[in-house]
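For reference, the structure discussed in these notes is given below.
Each chain gets a letter, A, B and so on, in the order its sequence line appears, and its residues count up from 1. Remember, it's a predicted structure, so these values are computed and weren't measured experimentally.
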Protein chains: 2
Amino acid sequence: MSSGAGPGDDAAGLAHRVPELGALQLLLAVARLGSLGRAARELGISQPAASSRVRAMERQLGVALVDRSPRGSRLTDTGVLVTDWARRIVEAAEAFDVGAQALRDRRDSRLRVAASMTIAEYLLPGWLIALRRERPDTAVSLRAGNSLAVAEQLLAGEADLGFVEGLDVPNGLSGVVIAQDSLVVVVAPGHPWARRRAPLGPAELAATPLILRERGSGTRQVLDAALAADGGLARPLLELSSTTAVKGAVVSGAGPSVLSELVVGDEVAAGRLVQVPVEGVRLRRDLRAVWTTGHRPTGPARDLLSLTRRVVA
Amino acid sequence: MSSGAGPGDDAAGLAHRVPELGALQLLLAVARLGSLGRAARELGISQPAASSRVRAMERQLGVALVDRSPRGSRLTDTGVLVTDWARRIVEAAEAFDVGAQALRDRRDSRLRVAASMTIAEYLLPGWLIALRRERPDTAVSLRAGNSLAVAEQLLAGEADLGFVEGLDVPNGLSGVVIAQDSLVVVVAPGHPWARRRAPLGPAELAATPLILRERGSGTRQVLDAALAADGGLARPLLELSSTTAVKGAVVSGAGPSVLSELVVGDEVAAGRLVQVPVEGVRLRRDLRAVWTTGHRPTGPARDLLSLTRRVVA
DNA sequence: TTGTACTCATAACCCCAGCTTATGCCCTCA
DNA sequence: TGAGGGCATAAGCTGGGGTTATGAGTACAA
């Protein structure tokens with residue numbers, strides 16, 4: 001094995017090394033139900049199919065996952081670990097699914113939602129999963145855009161309920177704050193700030209070139225407003241057009257950035273990014289549900305709204 | 001569409017509604033490279049194959065994902081959204097991959113790691129991904145167990161580096177604290193505590209029956225120790241044998257629980273669980289890297305260690 | 001213009017992964 | 001001892017997804 005691409009760091013083979021979704025679901029079902037046959041029935045396949053899939057997974061991964069016995073199947077120790085990793089994939093897939101579903105049913109859904117990008121990306125799938133649990137019959141359609149587009153769609157009657165992040169409510173709309181989103185300063189683990197314990201102040205933050213989204217983006221606005229309170233202004237080291245690009249640049253060590261904790265939550269938890277403590281800067285923005293003034297949400301819109309309001313009061 | 005299971009809430013069809021990993025990777029590659037052909041080359045498949053896969057995805061999801069032009073392909077607006085959801089699936093799959101890889105190479109790897117369950121499940125994959133980026137040739141093997149098992153393997157020379165969570169360092173081992181894990185009180189969004197703003201005190205926490213892991217588990221130990229400082233003791237409402245089971249019970253509203261923020265991070269961010277503020281209880285535990293006293297980590301072990309220490313100093 | 005180089009789409013063919021049904025063995029329990 | 005639930009094996013079919021070969025549209029330079 002020479003240097004460079006070892007086996008396992010080529011993206012190409014990922015799909016061949018990771019079992020497909022159906023197999024992972026099957027594994028979860030086996031864990032839950034304690035029997036290959038029952039799991040097979042739950043997923044609507046035959047028992048031999050389930051048996052062979054699990055066997056194939058074990059061959060693929062090179063470890064034993066389930067203990068078969070004539071009275072059922074239980075996970076092995078490593079099976080438990082693998083299943084937990086698998087669960088994260090399946091959950092991400094479920095979020096993808098509800099999101100895609102909502103995206104597809106553009107027209108004539110019972111509940112048409114318009115949301116800003118960040119909310120559509122990170123929060124809505126979770127809400128829709130919860131909504132589906134409580135009101136399985138509600139068909140939801142989703143359109144994502146910036147705050148302006150959300151407002152337009154509500155005013156044009158093309159959406160029943162909107163979600164926006166930002167400092168104020170667009171004209172003609174009413175709304176309630178449903179959550180607060182914190183912006184956080186993040187750096188790659190190798191950056192000097194990563195070991196820092198003393199909080200950053202506004203002056204230092206304003207003086208340091210940051211990796212930022214272009215001027216006009218929601219995140220940038222909040223940052224500028226926060227620093228303006230101290231007479232400062234964010235200095236861009238690099239301006240990128242998508243949040244993902246910014247995040248990628250920070251992870252690869254290009255410099256510090258200020259991003260929503262929604263966006264970097266995973267990376268911080270997994271240690272790919274480090275959050276730098278900050279003091280004296282108001283890096284919070286409200287997340288709001290909005291509707292056209294006078295048309296308080298009713299029916300499915302009300303269901304979804306009450307669901308989101310129970311989150312982070 | 002009658003009541004009950006609508007289309008989209010049956011787990012069975014998930015794999016048919018969500019494109020498979022290869023297709024999602026392809027989409028990410030297209031987004032990054034701006035061309036179907038280039039993306040195809042990167043993944044080692046032919047251009048027509050890529051073209052057809054993307055087309056199949058669009059048919060499957062019912063939305064246009066990429067704008068084809070004779071000079072390349074760019075994502076549509078909804079394509080950007082879908083791609084972001086897809087990225088989360090692929091990242092989960094990468095974590096699965098490195099984990100499984102480490103699990104497979106049990107014997108004669110250059111670096112044999114033993115880790116407690118929680119660390120193996122939530123943190124190690126991220127570290128291994130980072131390690132692979134810096135030292136692509138390092139083959140890592142992983143065994144997961146409780147703190148005792150980790151200690152045994154280190155002392156028996158079956159592992160080079162261990163990771164444990166807990167209050168103290170096992171006998172015969174040395175170690176450093178690499179991170180702190182906070183335990184948090186969580187409830188389902190419908191629970192009365194979800195709207196609560198005043199922090200819980202130790203007395204109230206000790207007086208409330210909780211959903212817990214069985215006595216002897218790491219989490220339970222920390223909780224008992226923390227409450228013991230005030231003369232209290234956790235009262236179980238329900239004792240379950242796995243963290244996942246506890247989490248599931250809390251999500252479905254069975255009652256409050258105390259869990260590691262590593263475990264519930266996703267759920268809290270997505271609003272499936274609500275974190276309740278707590279005051280006056282020391283719900284922190286150290287995460288430590290450990291090794292047999294006298295054998296300070298060298299080589300690959302040192303690489304991994306330094307990597308983890310850069311995280312949450 | 002015309003040639004070249006890039007894009008993506010279409011067509012015809014092929015293969016194997018994974019499904020199904022049918023069966024058998026093992027264990028447990030009434 | 002027979003019934004029933006559990007898993008494994010065998011044989012056969014199907015189709016999704018791959019391949020190569022080719023065409024058609026756009027851009028740019030000679």
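- Spacing between atom CZ of B:Arg41 and atom C1' of D:dT20 amounts to 16 Å, rounded to whole angstrom units.
- Within the 4.0 Å cut-off from OP1 or OP2 of D:dA8, at least one side-chain nitrogen or oxygen of A:Ser51 is found.
- Of all the residues in residues 22-30 of chain B, not one reaches under 4.0 Å from DNA chain D with any non-hydrogen atom.
- Residue pairs satisfying the side chain to side chain donor-acceptor pair (under 3.5 Å) criterion with at least one member in residues 63-72 of chain A, sequence neighbours excluded, are listed as follows: A:Glu58-A:Arg68.
- Judged by distance alone, with hydrogens and angles left aside, the side-chain atoms of B:Arg220 form a donor-acceptor pair with the main-chain N or O of B:Arg213 at under 3.5 Å.
- Distance alone, capped at 3.5 Å, is enough to place a donor-acceptor pair between the B:Ser257 side chain and the B:Ile211 backbone.
- A:Arg104 places a side-chain N or O within donor-acceptor distance of the main-chain N or O of B:Leu61, the cut-off being under 3.5 Å.
- In this structure, CD of A:Glu20 is placed 13 Å from P of D:dG16, rounded to the nearest angstrom.
- Using a 4.0 Å cut-off between charged nitrogen and carboxylate oxygen, B:Glu20 and B:Arg53 count as a salt-bridge pair.
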Could you list the protein-to-nucleotides 20-24 of chain C atom pairs, N/O on both sides, closer than 3.5 Å?
unit_1: C:dT20; atom_1: OP2; unit_2: A:Ser46; atom_2: N; d: 2.8
unit_1: C:dT20; atom_1: OP2; unit_2: A:Ser46; atom_2: OG; d: 2.7

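- Looking at B:Trp127 and B:Leu131, their side chains never come closer than 4.5 Å, going by heavy atoms from C-beta outward.
- Formation of a donor-acceptor pair under 3.5 Å by the B:Gln60 side chain with backbone atoms of B:His16 is found in this model.
- Under 4.0 angstrom from either OP1 or OP2 of D:dG5 there lies no side-chain N or O belonging to A:Ser35.
- Taken residue by residue, residues 52-76 of chain A places heavy atoms nearer than 4.0 Å to DNA chain C at A:Arg53, A:Pro70.
- Distances shown here put every side-chain N or O of B:Arg38 at or beyond 4.0 Å from the OP1 or OP2 atom of C:dC6.
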Identify every side-chain donor-acceptor pair in residues 37-47 of chain A under 3.5 Å, counting partners at least two apart or on other chains, and give the distances.
unit_1: A:Arg38; atom_1: NE; unit_2: A:Leu33; atom_2: O; d: 3.4
unit_1: A:Glu42; atom_1: OE1; unit_2: A:Arg32; atom_2: NH1; d: 3.4
unit_1: A:Glu42; atom_1: OE2; unit_2: A:Arg32; atom_2: NH2; d: 2.8
unit_1: A:Ser46; atom_1: OG; unit_2: A:Ala49; atom_2: N; d: 3.4

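- At least one side-chain heavy atom of B:Val251 sits under 4.5 Å from a side-chain heavy atom of B:Leu273.
- Atom CG of B:Leu33 is separated from atom P of C:dC8 by 11 Å (rounded to the nearest Å).
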Donor-acceptor list for residues 72-85 of chain A side chains, cut-off 3.5 Å, not counting sequence neighbours:
unit_1: A:Thr76; atom_1: OG1; unit_2: A:Ala64; atom_2: O; d: 2.9
unit_1: A:Thr76; atom_1: OG1; unit_2: A:Leu65; atom_2: O; d: 3.1
unit_1: A:Thr76; atom_1: OG1; unit_2: A:Thr78; atom_2: OG1; d: 3.4
unit_1: A:Thr76; atom_1: OG1; unit_2: A:Gly79; atom_2: N; d: 2.9
unit_1: A:Thr78; atom_1: OG1; unit_2: A:Ala64; atom_2: O; d: 3.1
unit_1: A:Thr83; atom_1: OG1; unit_2: A:Gly79; atom_2: O; d: 2.6
unit_1: A:Asp84; atom_1: OD1; unit_2: A:Arg87; atom_2: NH1; d: 2.6
unit_1: A:Asp84; atom_1: OD1; unit_2: B:Thr244; atom_2: OG1; d: 3.2
unit_1: A:Trp85; atom_1: NE1; unit_2: B:Glu121; atom_2: O; d: 3.0

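- In this structure, the side chains of B:Arg272 and B:Lys247 stay at 4.5 Å or more apart for every pair of heavy atoms.
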